Amino acid sequence: MAQTIYALASGKGRAGVAVIRISGPDTDMVLNALLGGTLPSPRKAVRAWLRDPDNDELIDDGLVLRFCAPASYTGEDVAEIHIHGGRAIQQRLFQVLDRQPGLRMAEPGEFTKRAFGNGKMDLTEAEGVIDLIDAETEAQRQQALRQVKGELGDLYHQWAERITRILAYYEAEIDFADEDLPDDIGQETKPQISELIALIDNHLNDNRRGERLRDGVHIALIGPPNAGKSSLLNLLAQREAAIVSDIAGTTRDVLEVHLDLGGFPVVVSDTAGLRDTDDVIEKEGVRRAVEAAERSDICVLVVDLSDPTNAERGDIARYMEVADLVVFNKTDRTDGISGPLAPKNNVKISVKDGSGVSEMLANIGSLVESRFGLTEAPVITRERHRSALVEARENLARALTAPEVSLAAEDLRMALRAVGRITGRVGVEELLDVIFRDFCIGK
Ligand SMILES: Nc1nc2c(ncn2[C@@H]2O[C@H](COP(=O)(O)OP(=O)(O)OP(=O)(O)O)[C@@H](O)[C@H]2O)c(=O)[nH]1
Ligand SMILES: [K+]
Ligand SMILES: [Mg+2]
């Protein structure tokens with residue numbers, strides 16, 4: 001039998017209210033001890049004096065919520081005790097809980113792990129809970145909430161069901177080889193397998209938007225020395241994160257700042273100015289800048305509008321073509337454009353006087369939104385999902401060309417297992433039995 005666990009469910013430290021969660025078979029015993037023998041009725045918030053059962057000393061004036069298995073977060077008996085969020089109160093209550101036989105402190109994620117174990121949620125939903133707790137921006141919150149609601153898990157479960165139905169044909173062929181089956185089951189199943197492969201491909205080919213939304217969209221600021229890249233970074237970060245000077249080649253290392261850009265988590269990198277140089281350290285800086293640009297999801301080229309030398313630099317013209325956005329800086333100095341001229345996506349700003357900055361932010365924001373924004377369909381949010389889907393897809397493709405029915409069946413079973421691993425939902429194998437029982441075997 002599972003042990004009863006407890007933990008602080010709210011944030012650490014001093015607060016108005018702290019919530020302590022208890023889950024497991026001894027929950028009622030603990031509540032009885034703390035409340036002096038009166039159990040609150042389930043799902044009703046009850047104000048109660050909490051006492052140390054060993055000496056009847058008062059701990060706090062609290063609020064208790066009791067849930068009875070299986071109608072609880074974990075599926076076990078659960079209690080949530082609201083206390084005043086002072087350190088001494090929390091400590092005292094923990095000491096008392098620790099003294100209760102059979103109780104121990106929960107491990108990280110253990111309540112949710114139990115919820116999964118008791119069929120309260122599948123693995124994608126459990127991951128959604130973690131993402132929801134970690135969500136720092138609005139878009140992250142929305143994506144996580146959709147996963148908690150089971151949208152992603154439902155999609156994978158549908159696919160598992162489809163594979164199961166296809167597999168049923170092959171199983172029938174194997175088990176009832178001498179019965180009156182359609183001559184070529186491939187005619188029936190192969191279009192279905194191909195359709196499923198197309199759906200998975202489409203889902204995989206998502207620009208990794210869900211993963212980007214979880215981890216942050218990487219934006220690299222690149223450009224010639226003294227264009228104002230570090231100045232721009234500081235403006236975005238609203239602090240002096242990078243050193244700014246009028247000396248070309250000031251920035252060497254890649255410097256990252258994390259920002260919330262219109263609800264999206266972004267990581268902006270300031271990089272060394274791009275130029276040929278004999279200085280070994282600056283050379284390494286330039287190499288890192290190019291690498292950061294290549295790795296970025298969105299590459300922003302910053303150019304000093306008033307610098308006539310840009311016109312002479314072929315490399316800047318090339319960067320203009322590949323950059324997602326060109327930011328012409330220092331409009332306070334000039335209103336003409338010197339150098340290789342305006343590429344399609346450009347914006348003119350002055351970090352110094354702030355003009356054009358909101359337009360630039362809107363521009364970057366819509367780039368992020370269009371590439372990594374939430375879509376109608378739920379998206380992959382973890383490499384774990386991606387690799388399992390790739391495996392499922394490979395097995396489905398193999399089933400299409402399998403030389404024998406038994407081999408095709410094995411490929412389909414492996415595809416099913418790969419998809420099933422993502423949700424960890426049980427029932428697909430059992431579903432096979434159900435479908436199989438009702439299966440029309442040519443009669
Ligand atoms: N007039 C004017 N000067 C600016 C503007 N933005 C930046 N500067 C100045 O341009 C100089 C270079 O700025 P940085 O931000 O260090 O340029 P950088 O691109 O990071 O330069 P490196 O790190 O050397 O590649 C500094 O003296 C800034 O104060 C602007 O909008 N207008
Ligand atoms: K500089
Ligand atoms: Mg710099």
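Source: prediction; values computed, not measured. Residue numbers start at 1 and run along the sequence shown. Both counts, for ligands and for their atoms, begin at 1 and track the order of listing.
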Asker: Looking only at distances, please establish whether an N/O atom of ligand 1 is found under 3.5 Å from an N/O atom of Ala272.
Answerer: no
Asker: Atom 21 (O) of ligand 1: which protein heavy atom is closest, and how many Å away?
Answerer: Asn226 N, 3.0 Å
Asker: Short check: any N/O/S atom of Thr271 below 2.8 Å from the Mg ion (ligand 3)?
Answerer: no
Asker: About how many Å separate OG1 of Thr189 and CG of Leu400, when rounded to the nearest 0.5 Å?
Answerer: 8.0 Å
Asker: If I take every N, O or S atom of Thr250, is at least one of them less than 3.4 Å from the K ion (ligand 2)?
Answerer: yes
Asker: Closer than 3.4 Å to the K ion (ligand 2), do we get an N, O or S atom from Val244, backbone or side chain?
Answerer: no
Asker: For the metal site, I want the angle between atom OG1 of Thr251 and atom OG of Ser230 with the Mg ion (ligand 3) at the apex, to 10°.
Answerer: 90°
Asker: Taking the six-membered ring where the residue is Trp, are the ring centres of Phe372 and His218 under 6.0 Å apart?
Answerer: no
Asker: Can you report which non-hydrogen protein atom sits closest to atom 31 (O) of ligand 1, along with the distance?
Answerer: Val351 N, 2.9 Å
Asker: Hey, is ligand 1 close enough to Thr271 that some N/O pair sits below 3.5 Å?
Answerer: no
Asker: So, the side chain of Gln143 versus the backbone of Gly210: is there a donor-acceptor pair under 3.5 Å, distance only?
Answerer: yes
Asker: Classify the contact between Asp332 and ligand 1 as side chain, backbone, both or neither, using a heavy-atom distance cut-off of under 4.0 Å.
Answerer: side chain
Asker: Does Asp411 use its side chain to pair, donor to acceptor, with the backbone of Leu396 at less than 3.5 Å?
Answerer: no
Asker: Would you say the side-chain atoms of Lys330 pair up with the backbone N or O of Ser306, donor to acceptor, closer than 3.5 Å?
Answerer: no
Asker: Indicate, as side chain, backbone, both or neither, the part of Ile247 found under 4.0 angstrom from ligand 1 when only non-hydrogen atoms are considered.
Answerer: backbone
Asker: Tell me: protein heavy atom nearest atom 17 (O) of ligand 1, and distance?
Answerer: Gly228 N, 3.2 Å
Asker: Short N/O distance, under 3.5 Å, between Ile243 and ligand 1?
Answerer: no
Asker: For ligand 1, which atoms have a heavy atom of Gly249 less than 4.0 angstrom away?
Answerer: 24 (O)
Asker: Is it true that the side chains of Tyr6 and Ser23 contain a donor and an acceptor less than 3.5 Å apart?
Answerer: no
Asker: Test the Arg99-Phe94 pair against the cation-pi criterion, namely NZ or CZ under 6.0 angstrom from the six-membered ring centroid and within 45° of the ring axis.
Answerer: no
Asker: Does any N or O in the side chain of Asp60 come within less than 3.5 Å of the main-chain N or O of Gly62, such that one atom is a donor and the other an acceptor?
Answerer: no
Asker: Quick one about Asn234 and Ser231 (side-chain donor to acceptor, distance below 3.5 Å, no hydrogens or angles considered), yes or no?
Answerer: no
Asker: Under the side-chain contact (heavy atoms from CB on, under 4.5 Å) rule, what do Ile298 and Val368 come out as? Steps first, then yes or no, please.
Answerer: CA-CA 8 Å; Ile298 290 172; Val368 173; 3.5 Å; yes
Asker: Do Ala248 and ligand 1 have an N or O pair less than 3.5 Å apart?
Answerer: no
Asker: Using modelled atom types only, decide if a donor and an acceptor are shared between the side chain of Thr271 and the backbone of Ala289 within a distance under 3.5 Å.
Answerer: no
Asker: For Asn329, which part has a heavy atom under 4.0 Å from ligand 1: side chain, backbone, both, or neither?
Answerer: side chain
Asker: Return yes or no for this condition: an N or O of Asp270 is under 3.5 Å from an N or O of ligand 1.
Answerer: no
Asker: Angle at the K ion (ligand 2), OD1 of Asn226 to O of Ser245, rounded to 10 degrees, please.
Answerer: 80°
Asker: Please state whether the separation between the Mg ion (ligand 3) and some N/O/S atom of Ser231 is under 2.8 Å?
Answerer: no
Asker: Do ligand 1 and Pro225 have nitrogen or oxygen atoms that lie under 3.5 Å from each other?
Answerer: no
Asker: Closer than 3.5 angstrom, by distance alone: can the side chain of Arg21 be matched with the main-chain N or O of Leu8 as a donor-acceptor pair?
Answerer: no
Asker: Determine, considering heavy atoms only, which of Gly354, Ser231, Ser350 sits nearest to atom 7 (C) of ligand 1.
Answerer: Ser231
Asker: So, Gln140 side chain and Leu213 main chain: donor-acceptor pair closer than 3.5 Å or not?
Answerer: yes
Asker: Can you tell me which residue and heavy atom of the protein come closest to atom 19 (O) of ligand 1, and the distance to 0.1 Å?
Answerer: Lys229 NZ, 2.7 Å
Asker: Tell me the protein heavy atom at minimum distance from atom 11 (C) of ligand 1, and give that distance in Å.
Answerer: Ser245 O, 3.6 Å
Asker: Could you tell me whether Glu136 atom CD has more than 12 heavy atoms of other residues or ligands within 6.0 Å of it?
Answerer: no
Asker: In the protein, which heavy atom is nearest to atom 10 (O) of ligand 1, and how far is it?
Answerer: Lys330 NZ, 3.0 Å
